[in-house]
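Read the structure below first, then the notes.
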Amino acid sequence: MTAPDKWLCALPVYNEVNFVDEVLDNVANYAANILVVDDGSNDGTDARLAQRTDVTVVRHPENRGYGAALTTAFEYAIDNGYDVVVTIDCDGQHQPVRIPDFVAAASQADIVSGSRYLKMSEDDDAPPEERMLINRKITQQLNRRLGLKLTDAFCGFKAYRVDALRKLRITDPGYAMPLQLWVEAALADLSVIELAVPRIYLDLSRSFGGSLDHAETRLAYYNRVLEDAITSACREGRKLPRRRELCPDA
């Protein structure tokens with residue numbers, strides 16, 4: 001396993017006042033270096049974070065989006081010389097006890113991605129049907145177009161080798177950032193493995209924000225971001241490795 005001082009656990013946070021202390025208390029049991037990217041919280045989360053001495057906090061003055069928070073975490077890990085960064089959400093849906101498993105697995109792959117569908121358990125919560133269907137459609141597209149073998153395109157519980165992050169061009173600030181990430185990972189020929197994680201849904205009323213709460217709008221948004229990422233790569237003449245064709249009309 002990577003030495004404790006060489007890996008970082010990073011949490012993107014936006015308005016998580018009900019969960020942030022409990023989640024961070026649990027994370028602190030497994031991680032020596034913790035970064036919280038507070039993406040402009042306005043519900044008191046920032047005050048809670050200010051009281052803690054066991055985490056480093058980088059704050060966005062305004063809400064910039066999930067992808068922007070993760071990009072800040074990646075930049076911090078690169079700038080501070082870490083070998084591995086583990087990302088975990090702060091909504092209670094990820095179990096910090098599994099963090100060491102992700103760190104260990106990062107010795108085998110550039111990206112270790114959690115999957116709620118790799119293995120099924122009787123203890124798993126039933127996923128909201130619309131989210132499951134959208135995830136399935138997007139995951140199938142990614143696999144078909146990029147030659148990946150994913151079962152869960154959107155799980156935020158991941159570990160990344162920091163050297164691999166240097167190869168990615170991530171610009172999308174929103175919830176669709178993982179789609180751009182998978183396109184970039186495929187173009188860079190990064191190795192990917194999945195680790196099974198349980199499905200936990202503590203608050204089914206959580207919002208994606210505005211029109212994205214509508215399933216059809218959200219799916220269209222995801223498709224647009226994926227298409228834009230691929231189109232941009234094609235225009236730049238970037239190609240998938242191993243003779244796979246990204247731009248069939250080129």
Side-chain angles (χ1 to χ4, degrees), residues 8-20 23-24 27 34-43 45-46 49 55-78 85-94 96 102 111-116 127-128 130-132 134-135 138-139 142 150 152-160 165 168-185 197 199-215 217-226 228-229:
L8 173 74
C9 185
L11 298 89
V13 173
Y14 175 63
N15 287 354
E16 297 289 3
V17 69
N18 293 327
F19 294 101
V20 64
V23 170
L24 289 176
V27 169
I34 305 171
L35 171 72
V36 177
V37 181
D38 180 8
D39 190 34
S41 295
N42 55 22
D43 68 339
T45 296
D46 56 337
L49 291 172
V55 303
T56 298
V57 179
V58 174
R59 178 170 170 80
H60 294 168
E62 297 180 353
N63 180 246
R64 292 167 50 191
Y66 178 73
L70 285 177
T71 300
T72 294
F74 294 164
E75 292 170 349
Y76 182 94
I78 292 170
V85 56
V86 177
T87 60
I88 181 171
D89 291 345
C90 196
D91 56 7
Q93 295 189 26
H94 299 156
F102 279 78
I111 300 177
V112 183
S113 189
S115 173
R116 296 157 290 185
E130 64 169 42
R131 296 189 192 184
M132 181 181 68
I134 289 174
N135 192 329
I138 294 297
T139 300
L142 291 168
L150 302 173
D152 187 349
F154 287 101
C155 184
F157 204 165
K158 286 183 171 65
Y160 304 85
L165 290 177
L168 306 182
R169 308 178 191 177
I170 304 298
T171 59
D172 192 277
Y175 280 112
M177 170 269 200
L179 306 183
Q180 188 183 47
L181 184 144
W182 288 127
V183 173
E184 288 290 315
V197 296
R199 286 198 306 267
I200 302 172
Y201 293 97
L202 300 180
D203 183 2
L204 296 179
S205 67
R206 294 178 71 89
S207 173
F208 287 90
S211 63
L212 293 184
D213 285 333
H214 300 285
T217 301
R218 193 162 71 252
L219 178 59
Y221 163 59
Y222 290 156
N223 281 322
R224 185 173 67 254
V225 170
L226 175 58
D228 287 348

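Position 1 is the first residue of the sequence, and the numbers go up from there. Here the structure is a predicted model, which is why all the values come from computation and not from measurement.
Gln180 places a side-chain N or O within donor-acceptor distance of the main-chain N or O of Thr171, the cut-off being under 3.5 Å. No donor-acceptor pair under 3.5 Å is formed between the side chain of His60 and the backbone N or O of Gly40.
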Next item on the list: Let me see the working for His94 and Val197 under side-chain contact (heavy atoms from CB on, under 4.5 Å), right down to the final yes or no.
Entry: CA-CA 8 Å; His94 299 156; Val197 296; 5.6 Å; no
Margin query: I'd like to know whether Arg116 forms a side-chain contact (heavy atoms from CB on, under 4.5 Å) with Asn135, so could you lay out the CA-CA distance, the side-chain angles of the two residues, the decisive distance to 0.1 Å, and finally the verdict.
Written below: CA-CA 11 Å; Arg116 296 157 290 185; Asn135 192 329; 3.4 Å; yes
Note to self: Working note: Asp43 + Tyr14, criterion side-chain contact (heavy atoms from CB on, under 4.5 Å); need CA distance, chi angles, decisive distance, verdict.
What the structure shows: CA-CA 9 Å; Asp43 68 339; Tyr14 175 63; over 6 Å; no
Item checked: Derivation and outcome, side-chain contact (heavy atoms from CB on, under 4.5 Å), residues Leu179 and Tyr221 -> CA-CA 11 Å; Leu179 306 183; Tyr221 163 59; over 6 Å; no
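Nearest heavy-atom pair across Ser41 and Val13 is OG-O, 3.9 Å. Of all the heavy atoms in Ala73 and Leu35, the pair that sits closest is CA-CD2, 3.8 Å. Pairing each heavy atom of Trp182 with each of Ser113, the nearest pair is CZ2-OG, 3.7 Å. In this structure, Pro12 and Ile88 approach most closely via the heavy-atom pair CD-O, 3.6 Å. Across all non-hydrogen atoms, the minimal contact from Asp39 to Gly65 is OD2-N, 2.7 Å. For the pair Ala176 and Val225, the tightest heavy-atom approach, listed with the atom from each and the gap, is CB-CG2, 3.6 Å.
When Asn42, Thr45, Asp38 are each tested for a side chain to side chain donor-acceptor pair (under 3.5 Å) with Asn15, only one passes: Asn42.
How far CG of Asp89 is from CG of Leu11: 8.0 Å, rounded to the nearest 0.5 Å. Rounded to the nearest 0.5 angstrom, Leu8 CG and Thr56 OG1 are separated by 8.0 Å. A distance of 9.0 Å separates CG in Leu181 from OG1 in Thr71, rounded to the nearest 0.5 Å.
With sequence neighbours excluded, no residue forms a side chain to side chain donor-acceptor pair (under 3.5 Å) with Asp228. Partners of Asn18 by side chain to side chain donor-acceptor pair (under 3.5 Å), not counting sequence neighbours: none found. Residues forming a ring pair (Phe, Tyr, Trp, His ring centres under 6.0 Å) with Phe154 (at least two apart in sequence, or on another chain): Tyr222.
Contact annotation: the side chain of Glu16 never approaches that of Val23 to less than 4.5 Å [non-hydrogen atoms, C-beta and beyond].
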